[in-house]
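Values reported hereafter were calculated over all heavy atoms of this structure, with side chains retained and with hydrogens, waters and symmetry mates removed. Residue numbering restarts at 1 for every chain, and letters A, B, ... go by the order of the sequence lines.
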Amino acid sequence: MAMRAAARAALSANSQIGMGSGMKALYSTFSRFPFKLPESKIEKPPPADPSTNLFVSGLNKRTTSEGLHKEFAKFGEVVEAKVVTDRVSGFSKGFGFVKYATIEEATSGLKAMDGEFLEGWVIFVEYARPRSPLPPLNNAAPQRQW
DNA sequence: GGTGAGCGA
């Protein structure tokens, strides 16, 4: 075992003067290792503050604004219900918005419909984020709000 | 739409 002998010799030599500089560097390196533990929880805080406006996702592509309205009207006065559709294709994007008259109704509607089935799909209801201020009526140019 | 996470004119 020439290797082991050499290692012992090296260790012995080191023990005379403590850690070799190389060993010190290694120790330093590993003790300072940036442990990015997966405990860095991927926090996804409540998407938005409670409001009368709800964001509904997971919709069936065939679900329409009317269907949304009828379904959510069971839990309060729906002021507005809209399924977002692609401007050019006209097809549903699979999510929409429901606005209640009061926050209380919105909350009950959220809790009642979140995780429920609609047209065969499990839908998810959250409070909608405040929409980007829609410009008066001139150019509908794309705005990078986020 | 055969598209499947998302925040709308």
Regarding the side chain of A:W121, the nearest nucleotide among B:dG8, B:dA9, B:dG4 is B:dG4
side-chain hydrogen bond (donor to acceptor under 3.5 Å, both in side chains) involving [X] - partner list, sequence neighbours excluded:
X	answer
A:S57	none
A:T64	A:E66
A:K74	A:E71

Could you tabulate the donor-acceptor pairs under 3.5 Å formed by side-chain atoms of residues 96-105 of chain A, not counting sequence neighbours?
unit_1: A:Y100; atom_1: OH; unit_2: A:F72; atom_2: O; d: 2.5
unit_1: A:T102; atom_1: OG1; unit_2: A:E105; atom_2: N; d: 3.1
unit_1: A:T102; atom_1: OG1; unit_2: A:E105; atom_2: OE1; d: 3.2
unit_1: A:E105; atom_1: OE1; unit_2: A:T102; atom_2: N; d: 3.2
unit_1: A:E105; atom_1: OE2; unit_2: A:E77; atom_2: N; d: 3.1

Taking side chain to side chain contact (heavy atoms under 4.5 Å, CB included) as the test, write out the residues that go with [X], two or more places apart.
X	answer
A:N60	A:R62, A:T63, A:E119, A:W121
A:K82	A:S65, A:E80, A:R131
A:A73	A:H69, A:V78

Looking at [range], who's got a heavy atom less than 4.0 Å off DNA chain B?
range	answer
residues 51-72 of chain A	A:N53, A:F55, A:S57, A:G58, A:L59, A:K61
residues 113-120 of chain A	none
residues 90-108 of chain A	A:F91, A:S92, A:K93, A:G94, A:F95, A:F97

Are A:M113 and A:F55 connected, step by step, through hydrophobic side chains (Ile, Leu, Val, Met, Phe, Trp, Tyr) whose heavy atoms are closer than 4.5 Å?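 Different clusters: A:M113 never reaches A:F55 through Ile, Leu, Val, Met, Phe, Trp or Tyr contacts under 4.5 Å.
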Nearest-angstrom distance from the residue atom [atom1] of [X] to [atom2] of [N]:
X	N	atom1	atom2	result
A:R129	B:dG6	CZ	P	10 Å
A:E126	B:dG8	CD	P	13 Å
A:F124	B:dG6	CZ	P	11 Å

Using a 4.5 Å side-chain heavy-atom cut-off and chaining through intermediate ILVMFWY residues, the residues clustered with A:V122 come out as A:F117, A:F124
Exercise for review: I would like to know whether A:T107 and A:Y127 meet side chain to side chain contact (heavy atoms under 4.5 Å, CB included); could you show each step before the answer?
Suggested key: CA-CA 9 Å; A:T107 302; A:Y127 292 111; 2.9 Å; yes
Inset, instruction - Give A:S89 one of three labels, base, sugar-phosphate or nothing, depending on what nucleic acid heavy atoms sit under 4.0 Å from its own. - result: nothing
Side chains of A:L68 and A:L59 in contact at under 4.5 Å (non-hydrogen atoms) |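 Side chain of A:L68 against side chain of A:L59, heavy atoms only: contact under 4.5 Å found.
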